[in-house]
Enquirer: 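Here it is: the structure, laid out below.
First listed ligand is number 1; within each ligand, the first listed atom is number 1.
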Amino acid sequence: MKDLTPAKSTLDAVETASRDEISALQLDRLKWSLRHAYDNVPFYKTSFDAAGIHPDDLRSLSDLAKFPFTVKTDLRDNYPFGMFAVPRNQVARIHASSGTTGQPTVVGYTKRDLDHWGSVVARSLRASGLKTGDMLHNAYGYGLFTGGLGIHLGADALGLSTVPISGGMTPRQVRLIEDFRPNGITVTPSYALSILDEYARQGLDPRASSLDVGIFGAEPWTNAMRHEIEQAFDMHAVDIYGLSEVMGPGVACECVETKDGLHIWEDHFYPEVINPETGALVEDGEQGELVFTSLTKEAFPIIRYRTRDLTRLLAGTARSMRRMEKITGRSDDMIILRGVNVFPTQIEEALMAIPGLAPHFQIELSKPDRMDQMRVFCEVAEAGIGAQARSDAARALAASVKQTVGISISVEVFDVGGVARSEGKAVRIVDKRPKT
Ligand code: DLL
């Protein structure tokens, strides 16, 4: 793999600023953001007043912990534009979450917000090893989802040649990678695996492709998956994080030279980690739920938003800004199986270590005989793997999960192509348990 470390001279000054400089900037911006939300969004005025707190009460960064949280239902209750802090005619862009249950979550951006978004995505793409003049194959979905258009903004800001292919039509993805010869690809890790399958189907060697780096996010993925993808494509695989409520992709990103967790672009997003049960801040470096406050957003300021994503905060390394550890999972995706907490990433980790199994999987939960049961559907890595090898692999996976996670599961190993493929975010859990 090529050394893609960006030249220090190309970084934004704030990426190498001292912690004191970053904190001072954050405090200034935080005061503005709280005041902006309070003065312009009735929801925040009501919620701050109810908690007996006012933007003027913030004198240090730690005072933020006195302010109330914002949760997804608050955004839904104010559907569609109730959380906007500027008149509608100053909103330059609207995105929305798919809203599998209930109202979709709608977010807005002013022209200046879009400029900031572009700058943090550009910073992320540069941290991933891309530079002005490179070509990017952007296979995140375009549309209301923030992935495609968010990455596109940053690619424009960095000066890349962008191929806005979006998700889907997998044979064409391979064709255009082969014909256009991009340096980088932005895509969900699960869809990257579908593209990889298509390389095999077309009899092409992915290691011979032009790709130097893949920038993967929008869903949890493990270091074991990173290794698999890096080997398969002979390229770097870095992790990019974001959520529409806070901005979209580019809230945090790994640096290609370290790949040791995602640097949070703290000049725009202020992170906290809380105990999800009590809401109290955890000790430095402890695991918990990530909470974000926007520092510069005009159209859609967001104060202490509970992301439900579980991680821990770590000191900066390749950049001064703090890192978040690779996300273990969302608290909503945590399966409690007979009292044991399980995340799909733990199944992924175990699966990737079993020879003969492909990296595709889906988890089915059911409840026969009043006992929760987990079945993992996976498939053979290549056609022609016989019945004995399949049942050995199934047994090995079940034993590994029993040993590492402490639960009994059953495993079914299908033929190649037997597990549903993703063109965006993978559906990892199919819950067939009766609703109580
Ligand atoms: O998924 C934004 C995005 C697009 C990020 C492209 C990265 C790349 P939402 O659809 O609002 O936004 O979903 C946000 O996805 O709260 C996490 O649970 C999950 N997520 C996003 N990035 C990662 C990641 C986009 N790198 C939700 N690792 C978040 C793990 C991620 N989970």
Enquirer: Got a salt bridge between R175 and E198, using NZ or NE/NH1/NH2 to carboxylate O under 4.0 Å?
Expert: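 Looking at R175 and E198, the cut-off is not met.
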Enquirer: Starting from atom 25 (C) of ligand 1, locate the nearest protein heavy atom and write down its residue, its atom name and how far away it is, to 0.1 Å.
Expert: G242 O, 3.5 Å
Enquirer: Need the ligand 1 atom indices (1-based, order shown) with element for anything under 4.0 Å from a heavy-atom of G147.
Expert: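 Every atom of ligand 1 under 4.0 Å from some heavy atom of G147: 4 (C), 6 (C).
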Enquirer: Can you tell me if Q173 and Y199 form a side-chain donor-acceptor pair at under 3.5 Å?
Expert: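 No pair is found: no donor N or O on one side chain lies under 3.5 Å from an acceptor on the other.
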Enquirer: Checking a contact table here: which protein heavy atom is nearest atom 19 (C) of ligand 1, and how many Å away?
Expert: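 Protein heavy atom with the smallest distance to atom 19 (C) of ligand 1: A218 O, 3.7 Å.
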Enquirer: Tell me whether R226 is salt-bridged to E254, with the criterion being a basic N under 4.0 Å from an acidic carboxylate O.
Expert: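 Yes, charged N to carboxylate O under 4.0 Å.
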Enquirer: What I want to know is whether W221 and ligand 1 share at least one N or O pair that is separated by under 3.5 angstrom.
Expert: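 Such a contact does not occur with ligand 1.
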Enquirer: Heavy-atom distances under 4.0 Å are what count here, so tell me which part of I327 touches ligand 1: side chain, backbone, both or neither.
Expert: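 Side chain only; the backbone of I327 stays clear of ligand 1.
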Enquirer: How about H95 and Y109: are their ring centroids closer than 6.0 Å?
Expert: yes
Enquirer: Check this for me, if you would: do K131 and D134 make a salt bridge, where the nitrogen-to-carboxylate-oxygen distance has to be below 4.0 angstrom?
Expert: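 Looking at D134 together with K131, the answer is yes, because their closest N to O distance falls below 4.0 Å.
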Enquirer: Among A96, S244, P220, which one puts a heavy atom closest to atom 11 (O) of ligand 1?
Expert: S244
Enquirer: Do me a favour and list the nearest non-hydrogen protein atom to atom 31 (C) of ligand 1 with residue, atom name and distance?
Expert: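 The closest heavy atom on the protein side is E219 N, 3.6 Å.
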Enquirer: Does the distance from a Lys or Arg side-chain N to an Asp or Glu carboxylate O, for R330 and D332, drop under 4.0 Å?
Expert: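 Here R330 pairs with D332 in a salt bridge, since their nearest N and O are under 4.0 Å apart.
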Enquirer: Give the numbers and elements of all ligand 1 atoms closer than 4.0 Å to a heavy atom of P249.
Expert: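 Listed by number with element: 2 (C), 3 (C), 4 (C), 5 (C), 6 (C), 7 (C), 8 (C).
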Enquirer: Can you list the atoms of ligand 1 that are under 4.0 Å from a heavy atom of T146?
Expert: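 Answer, ordered by atom number: 2 (C), 12 (O).
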Enquirer: So, are D39 and R35 salt-bridged, with charged N and O less than 4.0 Å apart?
Expert: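 Yes, charged N to carboxylate O under 4.0 Å.
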Enquirer: For atom 16 (O) of ligand 1, what's the nearest protein heavy-atom neighbour? Residue, atom name and distance, please.
Expert: D309 OD2, 2.7 Å
Enquirer: Determine whether the side chain, the backbone, both or neither of K425 has a heavy atom under 4.0 Å from any heavy atom of ligand 1.
Expert: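 K425 to ligand 1: side-chain contact only, backbone stays beyond 4.0 Å.
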Enquirer: When you check the gap from the basic side-chain N to the acidic O, do E379 and R421 get nearer than 4.0 Å?
Expert: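 Salt bridge: yes.
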